[in-house]
Each structure stands twice: as structure tokens, then as C-alpha cells.
Trainee: 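One structure follows; several queries about it will come next.
FYI, the numbering just counts along the sequence from 1. Just so it is clear, the structure is predicted and the values come from calculations on it, not from any experiment.
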Amino acid sequence: DRGGEMALVRAKWGPQPPEAGASLRAELLFVAARPLVRDYSISLDLSGETWRTQNDGTPALGAIPTLKWLAGWRIRDVRRLALPMEAQGKAWLGLSVYDAFTLAHLPIGDDRLMRAGEGLRAILWRGEVVPAR
């Protein structure tokens, strides 16, 4: 079990609502719960029923790999998602963390999310993507 290693303490993104054909900028703030000894990647995706855009990689643009995080460190991670023109209608913004070598996902430590069926991926937002202006 590799849960409880880090916590997402803030997530904000814009524009709200997301717009088809535009770019969504997300800023995530993580806190290390203890010293980390594995190399984790962050996966942020915005998905609809027939489309998906995703951004995976080392937090903080690779500047501070997770295997060097110490307890209490606050790491700001900024990601961009390019929305396709067909990205319209109902959508959800999801976040997961996985081992960069084994690809095994970290479980989510929030019991409410686990009960909602989100054991490996947190849904940060559900809403509508609006057509391009």
C-alpha cells in the first residue's frame, strides 16, 4: 500500500467554463506527507463522452522529482490541456498519480471519494465545455 504519501491541497483552473479549441490552465498544489522515495507522475485529463485531452509528467515540470520530496514540502504544479474543437458538452476533469516506472496508481486516501468509486482517480470538476467563441 502506497497511499498517504502526498496530498492535493489546492486545485484551480481556468477558464471556467472550459471552451472548445482553447487551452485550460490548471494549477495544483501538493504537500508531501512524508519523505518520498519513488518517482511519481501526475496525470491530469479533461474528458467528454467522445473526446479526451491529457497531460502526464513529473510535477513542477520535472524541476523537483517526487523521489526527492521531504515531509511538509509544498509543490506547485502547473499543467495545460489543449481542448479539441469537438470538445463540447458534459465533461469531467480528473487527476491521478502513478509510479513512473511500474505505472501502478496511488490510491486516493479520501474515504468519500473511495465510496464514490474514485479509488485511483479523483474527479476535480464536472460540468459543461462551451463551444468556441
Trainee: Quick check: closest heavy atoms across Gly62 and Pro65, and the distance to 0.1 Å?
Mentor: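 That closest heavy-atom pairing would be O-CD, 3.8 Å.
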
Trainee: Give me the atom names and distance for the closest heavy-atom approach of Leu106 to Tyr40.
Mentor: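 Heavy-atom minimum between the residues: CD1-CE2, 3.0 Å.
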
Trainee: Would a distance-only check, ignoring hydrogens and angles, find a side-chain to backbone donor-acceptor pair under 3.5 Å from Asp77 to Leu28?
Mentor: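 It does not hold such a pair.
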
Trainee: Would you call Thr58 and Ile42 a side-chain contact if the rule is heavy atoms closer than 4.5 Å?
Mentor: no

Trainee: Are Trp73 and Val31 packed together at the side-chain level, in the sense that at least one heavy-atom pair is separated by less than 4.5 angstrom?
Mentor: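 With C-beta onward as the side chain, the pair stays apart.
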
Trainee: Taking all non-hydrogen atoms of both residues into account, name the closest pair between Ala71 and Ala33 and its distance.
Mentor: CB-O, 4.0 Å

Trainee: Checking Thr66 side chain against Pro59 main chain: does a donor-acceptor pair fall under 3.5 Å?
Mentor: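 The answer is no, because no donor-acceptor pair under 3.5 Å joins these two groups.
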
Trainee: Spell out, yes or no, whether Val130 and Trp125 are grouped together once hydrophobic residues are joined by side-chain heavy atoms under 4.5 Å, including indirect joins.
Mentor: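 No; Trp125 is not reachable from Val130 via cluster members.
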
Trainee: Do the side chains of Pro18 and Leu83 get nearer than 4.5 Å, heavy atoms only?
Mentor: yes

Trainee: Looking at Leu124, Leu44, Leu81, which one forms a side chain to side chain contact (heavy atoms under 4.5 Å, CB included) with Trp13?
Mentor: Leu124

Trainee: Quick one: do Glu86 and Thr50 satisfy side chain to side chain donor-acceptor pair (under 3.5 Å)? Show the steps, please.
Mentor: CA-CA 9 Å; Glu86 66 271 13; Thr50 60; over 6 Å; no

Trainee: Test Asp56 against Ser41 for side chain to side chain donor-acceptor pair (under 3.5 Å), laying out the working first.
Mentor: CA-CA 7 Å; Asp56 282 34; Ser41 290; over 6 Å; no

Trainee: Considering non-hydrogen atoms only, spot the tightest contact between Ser47 and Arg121 and give its length.
Mentor: OG-NH2, 4.2 Å

Trainee: Under the criterion side-chain contact (heavy atoms from CB on, under 4.5 Å), I'd like the reasoning laid out for Leu8 against Leu29: C-alpha separation, chi angles, the key distance, then a yes or no.
Mentor: CA-CA 6 Å; Leu8 176 68; Leu29 182 64; 5.7 Å; no

Trainee: Quick one: does Leu46's side chain get under 4.5 Å of Trp92's, heavy atoms only?
Mentor: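 The answer is no; the side chains never approach within 4.5 Å.
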
Trainee: Between Arg79 (side chain) and Gly57 (backbone), is there a donor-acceptor pair under 3.5 Å?
Mentor: yes

Trainee: If you look at every heavy atom in Pro84 and Thr53, which pair is closest and at what distance?
Mentor: CD-CB, 4.4 Å

Trainee: Examine distances only and state if a side-chain atom of Trp69 and a backbone atom of Ile64 form a donor-acceptor pair shorter than 3.5 Å.
Mentor: yes

Trainee: Around atom CZ of Arg74, are there more than 12 heavy atoms of other residues, nucleotides or ligands at under 6.0 Å?
Mentor: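 No, the 6.0 Å shell around CZ holds no more than 12 heavy atoms from other groups.
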
Trainee: Hey, mind stepping through Arg133 and Glu19 against salt bridge (Lys or Arg N to Asp or Glu O under 4.0 Å) and telling me if it holds?
Mentor: CA-CA 8 Å; Arg133 293 179 207 183; Glu19 183 179 320; 3.0 Å; yes

Trainee: Is the shortest distance from a Lys or Arg side-chain nitrogen in Glu27 or Arg10 to a carboxylate oxygen in the other one below 4.0 Å?
Mentor: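 A salt bridge is present here (some side-chain N lies under 4.0 Å from a carboxylate O).
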
Trainee: Hey, mind stepping through Arg38 and Leu67 against side-chain contact (heavy atoms from CB on, under 4.5 Å) and telling me if it holds?
Mentor: CA-CA 5 Å; Arg38 295 185 187 263; Leu67 55 87; 5.7 Å; no

Trainee: How long is the gap from CD on Glu5 to CG on Leu36, to the nearest 0.5 Å?
Mentor: 5.5 Å

Trainee: Check Pro15 against Leu24 and note the closest heavy-atom contact, atom names and distance.
Mentor: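 What the structure gives for the nearest pair is O-CD1, 3.8 Å.
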
Trainee: Do Leu70 and Arg34 have side-chain heavy atoms sitting under 4.5 Å apart?
Mentor: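 With C-beta onward as the side chain, the pair stays apart.
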
Trainee: Taking the side chain as every heavy atom from C-beta outward, state whether Arg80 and Ser23 have any pair of such atoms under 4.5 Å apart.
Mentor: yes

Trainee: Is any side-chain heavy atom of Phe30 closer than 4.5 Å to one of Val9?
Mentor: no

